[in-house]
Amino acid sequence: MSKWVYTFGNGKAEGDANMRNLLGGKGANLAEMNKVGLPVPPGFTVTTEVCTYYYANNNTYPSDLKDQVKAAVAGVEAIMGKKFGDSSNPLLFSVRSGARISMPGMMDTVLNLGLNDESVKGLATVSGNERFAYDSYRRFIQMFSDVVLGADLDEYEGALEAMKNSKGYKSDTDLTTEDLKELVSQYKEIGKRLNKIVPQDPWEQLWLGIGAVFGSWNVARAITYRKLNNIPGDWGTACNVQTMVFGNAGDDSATGVCFSRDPATGENKYYGEYLVNAQGEDVVAGIRTPQPMSSKGEGNSLEELWPNLYKQLVDVRNALEAHYKDMQDMEFTIEHGKLWMLQCRNGKRTAAAAVRMAVEMYDEGLITKEEAIMRVGADQLDQLLHPMLDPKATKKVIANGLPASPGAAVGRAVFCAEDAEAWAAKGEKVILIRNETSPEDIGGMHASQGVITARGGMTSHAAVVARGMGTPCVSGSTDITIDYASKTMTTKSGSCIKEGDWVSLDGGKGQIIEGAVPTVKADTNSGNFGRFMGWVDEIRTMHVRANAETPADAKQAVEFGAEGIGLARTEHMFFDAKRISDMRTMILSDNEEGRRAALARLLPYQKEDFKQLYRTMDGFPVVIRLLDPPLHEFLPHTDAEMQELADKMGKTLAEVKNRSNSLHEMNPMLGHRGCRLAVTYPEICEMQTRAILEAAMECREEGVKVVPEIEVPLIGSKKELDIVKNIIDTTAQKIFAEKGKTIEYEVGTMIELPRAALMAEEIASSAQFFGFGTNDLTQTTLGMSRDDTGAILDCYRSKGIYVADPFASIDVEGVGKLVKRACEYGRQTNPELLLGVCGEHGGDPKSIEFFQQCGLDYVSCSPFRVPVARLAAAQAAVKYGKTQKEHKSSKAA
Ligand code: PEP
Ligand code: MG
């Protein structure tokens, strides 16, 4: 015989906290609270296996379930000294869902089950409170009709409203006993009319209630929630049947919700709210304003009203924290002065609270450092890195959108990228508001404090780029309408923001706010956060570098704890107004001589860039990648610009156009780019090598130590790398001979083509390091680009196929296998090979977990992701242990 039902009550329980999969989170914790010795209304849990059985067997139950439920009810009756269905002293139940992982508000609950025309009278007599009894009955009929019978809730709400209006009442509490009796009969009439009749038989009510809970596992909103949160559909929910206790039994009764520490700030103080003479739903519905648990000296706290009960609640809090060693979210009811605990679970918290609690719980000896660092979600950390809107300021939220890139931004509204750049150049702070953004808007996005878009999801261009830049962004706000012609944004709430108006946004909450809200700066290096990150660095075994090429980004990266540059993309350095014309001349030259002349003019700029970067990184390793994109990306697009260039070079417009067309790549991620540029035009590689090495030599003289790591992009074979490496080494020898001294440097390669990953054992014999470029590697392995992905995934998901975004977290089965293979085989050939990743995945916690298992030496990500990556690396080290070899210390000696 299978066991389908687990009982709890009177300090005993058949289950415990470890049985979450079988009993659901709520059921497991109800059992555990009994074992901790807390006052829990007795009851029983019907397991998740019954739910799975129910769906596998055409909505039927196992044959032996009935007897097990009967026996469990009898057990509760014995404890409570009441009988289910009894007309004089009825035992009433609540019936609630409870999955393995909490799915707040997604599934069904029925309260006051067991009431009928007879037992309501019994309840009135034993409680001595007829109004309470009929109020409970009216609530029961309404809830059961809605949740179990699927009746239209508006019908019942309408009757309630009409009753209140006709009597001139403001609140439900104004209803008299007679009013409630009248409502009960009106509700029954509605039930008859709708053919949704609540059965009088309590057992029938109970079975229908259990069926409704299991049925609610597969309602549309629960399915959607599971999809969004990656919860498997075959887990099923448990069903908890528990004795009702009443917080609405009179003025000596109450109901409340509390947290063992403040979930917003993390402060170690009892935090919560309660309402006298109310049921749980009243606190949530917000009809009456709840009162505080602890004394604020206003005389309305539970501490002041009922000091004895408050003390009991403090004992409960202490017992639960000591037991679970984590902050607890608890629900309680006081019935005629007796305290009952209805629920406890690990409480949700803000990032700031999570850090403070982790640090303080370590100090209190409750948890270890390793446990402390697991308490803060790596992705959640983002919230702490950006300036925040002053929580004390008043805000008028005029629209909502997706929380695409966290942080607060305040500026004046502009409606195109050029305006953003122009206004910013004049020293204005701006917010860029667009329907969506595209690569041409990068400059404007960079110049803006924040970005708002009307369209696009969490992986839209605006969202991805803004996160990379650390620029706060609210994307896909369907509440707004943008009119480019009049330069206005109107909102559904009726506000209108014109060009130049101040607007604020909270990218962590997805809010758009009218006016300039004051901000407060994030402090990452002191206090609790500083200590916490100190532990993170102690525990992690992977290094964390940053992808950066400007001194400003590099400086930010170091402030956030980066231990080097994992990727400096040199192409970004050529777009500057002073350089682009030499760059274009170089590209359009007919011969090597012309190219060399233009490159010679670019050399000093490039050298200065690298010197600034080395100085900022002050001895940390710096990976500099040789020119990577196809050359046409640098060329002008308009006829006017082309004409200007032609004039400068003594060519005709047609000649410039022809050359430009011949360079054009159909697919900009493939073709004449990467190391192929160095193989076909060695002089470009020579110039860059010279800039990299001369800059390093000159920095050495200033006392800045650096060992440049020169990285060759898009390698597909050892032969290619050998050719480019030879150009680098020959150039180096030439420089050393000219200067009469030498400098150390390293040569390595990106691994960003499947071919490179498959040839890793050969390539590794010519490389000192591998940098996995998982952006290109994902595109080339999956045959799709970041830009197609969003639309494809949306379509797949709309068809019920859940697919993870391979550009958000590494595709372990494809790209991941290639990375793992390249690591293993590369190190077989070259045990000293240094391994790092510099694609976007280097800042993604799930991917970082995978890289830890591959034994990578470092991950590299955009500066604002560095703290996230540090924490994710530490968490991965706790989970998987040290997988890296000993490396040389990060800073050059
Ligand atoms: C990559 O391909 O992962 C990479 C880091 O290079 P880029 O993004 O510049 O192509
Ligand atoms: Mg790449």
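Everything numeric in this text was worked out from a predicted model, so none of it was measured. Excluded from the calculations below are hydrogen atoms, water molecules and symmetry mates; all remaining heavy atoms, backbone and side chain alike, are included. Both counts, for ligands and for their atoms, begin at 1 and track the order of listing.
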- Item | Side chain to side chain, Pro630 and His672, heavy atoms closer than 4.5 Å | no
- Looking at Arg569, which atoms of ligand 1 are within less than 4.0 Å of one of its heavy atoms? 4 (C), 5 (C), 6 (O), 7 (P), 8 (O), 9 (O)
- Query: Is the Mg ion (ligand 2) less than 2.8 Å from at least one N/O/S atom of Asp628?
  - Reply: no
- Item | Protein contact of atom 10 (O) of ligand 1 - nearest heavy atom, named by residue and atom, plus distance | Asp776 OD2, 3.0 Å
- Would you kindly say whether Thr689 and Glu686 are connected by a side-chain donor-acceptor distance under 3.5 Å? no
- Query: Does NZ or CZ of Arg545 lie under 6.0 Å from the centre of the six-membered ring of Tyr858, at an angle within 45° of the ring axis?
  - Reply: yes
- Query: How about Asp722 and Ser766: does a side-chain donor come under 3.5 Å of a side-chain acceptor?
  - Reply: yes
- Task: For Gln852 and Thr541, test the side chains for any donor-to-acceptor distance below 3.5 angstrom and give the result as yes or no.
- Result: yes
- Note on the structure: A student comparing Cys838, Pro629, Gly674, Gly773 should find that the heavy atom closest to atom 1 (C) of ligand 1 comes from Gly773
- Can you find an N/O atom of Glu752 closer than 3.5 Å to an N/O atom of ligand 1? yes
- Message: Quick check on contacts: which atoms of ligand 1 are under 4.0 angstrom from a heavy atom of Leu567?
- Response: 5 (C)
- By atom name, which N, O or S atom of Asp776 is the nearest to the Mg ion (ligand 2)? OD2
- Task: With the Mg ion (ligand 2) as the reference point, give the N/O/S atom of Glu752 that is nearest.
- Result: OE1
- Item | Contact partition for Arg625 relative to ligand 1, non-hydrogen atoms under 4.0 Å | side chain
- Can you check whether Ile710 reaches Arg625 side chain to side chain, under 4.5 Å on heavy atoms? no
- Query: With respect to Leu626, which candidate in Ile684, Ile728, Leu677, Thr570 satisfies the side-chain contact (heavy atoms from CB on, under 4.5 Å) definition?
  - Reply: Ile728
- Quick one: nearest non-hydrogen protein atom to atom 4 (C) of ligand 1, plus distance? Met750 CE, 3.6 Å
